[in-house]
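Working notes, beginning with the structure itself.
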Number of protein chains: 2
Amino acid sequence: MPAMPDLTANDTATLGEVARIAGVSPSTVSRYLNGSARVSEARRQAVEAAIAQLNYRPNMVARSLASGRTSTVGVLTQDIASPFFNEALRGVEDALAESRYAPLFVSGHWNSAEEAERLSLLSARRVDGVVMMHGHIRDEDVQAVARRLPIVMVGRATATLDLPSITVDNRLGAYKATRHLIELGHEDVAFISGPQDHHDAQQRLVGYQDALREAGIVFRESLVAKADFHEATGMLAIHQLLESRASFTAIFAANDQSAYGARLALYRRGIRVPEDVSLVGFDDLPYSSYCVPPLTTVRQPAYEVGWQAGHTVVQMIEGQPYALEPLRVELVVRESTSPRRR
Amino acid sequence: MPAMPDLTANDTATLGEVARIAGVSPSTVSRYLNGSARVSEARRQAVEAAIAQLNYRPNMVARSLASGRTSTVGVLTQDIASPFFNEALRGVEDALAESRYAPLFVSGHWNSAEEAERLSLLSARRVDGVVMMHGHIRDEDVQAVARRLPIVMVGRATATLDLPSITVDNRLGAYKATRHLIELGHEDVAFISGPQDHHDAQQRLVGYQDALREAGIVFRESLVAKADFHEATGMLAIHQLLESRASFTAIFAANDQSAYGARLALYRRGIRVPEDVSLVGFDDLPYSSYCVPPLTTVRQPAYEVGWQAGHTVVQMIEGQPYALEPLRVELVVRESTSPRRR
DNA sequence: CTGTTAGCGCTTTCAA
DNA sequence: TTGAAAGCGCTAACAG
């Protein structure tokens with residue numbers, strides 16, 4: 001009987017069937033599939049033919065149960081729809097794809113209870129490793145999982161934990177942004193803050209203060225307006241600042257999204273950017289180069305952060321050595337900043 | 001021996017161990033866990049105690065292999081980092097979460113070969129159902145999977161396939177956008193197109209043409225500039241239009257991203273929006289309400305599209321009836337459009 | 001209501 | 001190099 005490919009049989013052939021058709025044992029098929037041992041030329045061909053004929057693809061679930069490995073990496077993000085996380089997730093995705101791991105994304109929504117629950121779900125699904133993007137989950141909850149699984153943290157220092165952590169120098173980035181404004185002659189530089197309990201946001205405030213201090217400018221609480229990394233509160237921040245009659249010629253917003261909000265609020269009040277007020281953000285979201293005017297901001301290499309996280313967790317899973325290279329933050333000067341007018 | 005909770009034993013307890021400690025059979029534990037049959041009060045308590053003591057969580061992999069269900073839905077998207085897909089993915093995520101399914105996201109990157117490969121991967125991972133967001137994959141490839149699995153299509157009509165499909169009336173949306181411009185007195189309305197082979201993009205062109213025709217305005221090829229749904233080509237489109245010396249007082253861009261690019265190109269040339277030229281987009285991305293000026297656009301309920309897709313696939317998986325409710329597109333008038341100046 | 005008995009489809013010793 | 005056999009941890013009849 002000629003082995004003509006049966007195109008309708010691609011339903012759910014099993015390894016056992018492949019073995020039977022190829023006239024070999026299941027172990028041989030498994031060995032061929034995984035390259036876990038040499039298989040003779042003759043049997044290799046027979047197996048290949050059977051696989052083609054049945055249009056066979058291994059059942060990953062069964063494979064996972066038997067081997068104890070799922071070839072899956074859990075990625076605990078906060079909000080899959082946030083422009084910042086997106087770039088990073090794409091980096092993770094690409095890094096994992098290179099090693100044939102699949103990402104399993106879950107969102108914690110900045111809620112530690114939900115994060116803990118999601119982490120537990122990843123564990124129940126027996127992921128081989130985890131990438132944790134930001135979040136406020138307690139160290140103990142992470143620790144419980146970290147004992148069994150490689151975990152890479154992103155954007156969070158782990159005081160009590162000893163886990164590889166990929167961070168960006170937020171303080172330095174904020175310092176550069178503020179210093180840029182100061183060098184343009186601005187002395188009254190307002191700051192739109194991020195969430196008070198967010199580590200990155202805190203560091204950005206510190207960088208802002210450092211730059212002021214260095215220039216001999218006294219830090220004034222009245223020039224900082226609270227926001228939470230979103231556009232809406234960025235707008236509010238400007239309204240507040242304006243209402244308080246604080247005077248300023250430049251604004252450093254703790255992230256691009258709040259800078260967008262600020263920019264719109266300024267537009268509504270008829271205040272021009274950069275002619276009347278200079279504005280700088282932080283993150284360099286994809287959209288920032290298409291704002292009007294294009295936003296001067298601090299580039300945070302989100303894609304690279306994600307890529308490095310994904311790559312590192314794979315190295316850990318496979319027992320390979322890894323090295324965390326420091327990621328650079330850099331100021332990207334565009335058109336939302338200009339010298340102070342005298 | 002008192003049953004004191006052993007906090008360090010939360011590693012990988014098995015159902016069998018729970019059963020032994022509780023003094024019941026594994027089936028009883030399984031039944032308790034799945035609620036698949038009544039369990040007596042006494043045993044229920046014993047099982048609960050054992051579970052608490054061991055800090056047990058079922059191994060999803062084993063459960064999947066035994067039951068043939070993974071409680072996972074594959075989501076084939078094109079680009080996890082695109083602002084449009086994001087909103088939709090969040091909708092899918094939320095809908096699945098309601099039914100305790102986890103999404104497994106994979107990206108096809110608008111490449112039909114890659115899509116087919118990803119789809120096959122989802123199948124190998126034995127997802128219980130699939131949501132396909134757009135894409136150019138061939139009907140046959142989809143069909144091969146659809147025979148075994150519930151599939152819900154999003155944003156794509158399936159001519160040869162009979163699958164539930166969630167679409168939005170792109171033609172109508174484009175018609176509304178163009179008509180809005182015409183009602184403002186604009187007669188020379190340029191169109192920035194999307195990718196030629198993209199169904200939604202084609203429909204948006206048709207809607208634009210329909211509105212012109214209805215108003216007795218003749219369609220001019222010279223007023224359409226090709227772009228591909230991205231900001232960069234949106235900019236290019238404006239340069240082209242300007243260079244060709246075509247005259248127009250309004251622009252309808254096939255999506256918000258290309259509208260952003262157009263807006264920036266206009267800014268560079270010193271052409272004001274909306275004073276000199278009115279601009280309308282399509283999608284209503286989250287950012288569009290924070291542009292300067294806020295963009296008039298056609299709201300496409302991306303979140304709802306995703307939610308409905310997720311919800312529908314779950315209904316299909318569970319053999320429940322489902323009904324696809326038409327999703328409304330609506331014009332959102334903001335500040336990038338104004339009456340034609342005479 | 002409960003326990004016993006077979007597997008789910010694959011990997012992995014262990015011998016040959 | 002190859003095959004046989006024993007699971008991976010859970011579910012799902014089938015008796016009782």
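Sequence lines set the chain letters: A, B, ... in the order given, protein chains first and strands last, and positions in each chain run from 1.
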Starting at the 5' end of DNA chain D and moving along, which residue's nearest nucleotide shows up first, V61(B) or R31(B)?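 Nearest nucleotide further toward 5': that of V61(B).
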Contacts of V29(B) and A62(A) projected onto DNA chain D by closest heavy atom; the upstream (5') one is A62(A)
Measuring only between side-chain heavy atoms, which start at C-beta, is Y101(A) closer than 4.5 Å to E318(A)? yes
What are the two closest heavy atoms between L96(A) and G310(A), and how far apart are they? CD2-O, 3.8 Å
Are OP1 or OP2 of dT4(C) and a side-chain N or O of S27(B) less than 4.0 angstrom apart?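 It does not, given that no N or O in the side chain of S27(B) lies less than 4.0 Å from OP1 or OP2 of dT4(C).
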Touch class at under 4.0 angstrom, heavy-atom based, for [X] against every strand present:
{"X": "T14(B)", "value": "sugar-phosphate"}
{"X": "Y32(B)", "value": "nothing"}
{"X": "R69(A)", "value": "sugar-phosphate"}

Output for pair (E115(A) CD, H136(A) NE2), nearest 0.5 Å, gives 7.0 Å
For [X] and [Y], does a side-chain donor sit closer than 3.5 Å to a side-chain acceptor?
{"X": "R126(A)", "Y": "S64(A)", "answer": "no"}
{"X": "T12(A)", "Y": "R148(B)", "answer": "no"}
{"X": "E41(B)", "Y": "Q45(B)", "answer": "yes"}

Is R126(B) side chain donor-acceptor paired with the dG9(C) base, going by distance under 3.5 Å alone? no
Over 60° means perpendicular and under 30° means parallel, so classify the ring planes of F85(B) and W110(B), tilted if in between.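 Judged by the thresholds at 30° and 60°, the geometry between W110(B) and F85(B) is tilted.
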Output the rounded distance in Å from [atom1] ([X]) to [atom2] ([N]).
{"X": "Y56(A)", "N": "dG9(C)", "atom1": "OH", "atom2": "P", "answer": "10 Å"}
{"X": "L33(A)", "N": "dG9(C)", "atom1": "CG", "atom2": "C1'", "answer": "12 Å"}
{"X": "R20(B)", "N": "dG3(C)", "atom1": "CZ", "atom2": "P", "answer": "15 Å"}
{"X": "L65(A)", "N": "dT11(C)", "atom1": "CG", "atom2": "C1'", "answer": "10 Å"}
{"X": "N34(A)", "N": "dT11(C)", "atom1": "CG", "atom2": "P", "answer": "5 Å"}
{"X": "L15(B)", "N": "dC8(C)", "atom1": "CG", "atom2": "P", "answer": "19 Å"}

Along DNA chain D, 5' to 3', what are the outermost nucleotides having an atom less than 4.0 Å from a heavy atom of chain A? dT1(D) to dG9(D)
Pairwise 5' ranking along DNA chain C for A66(A) and S67(B), keeping only the more 5' one: S67(B)
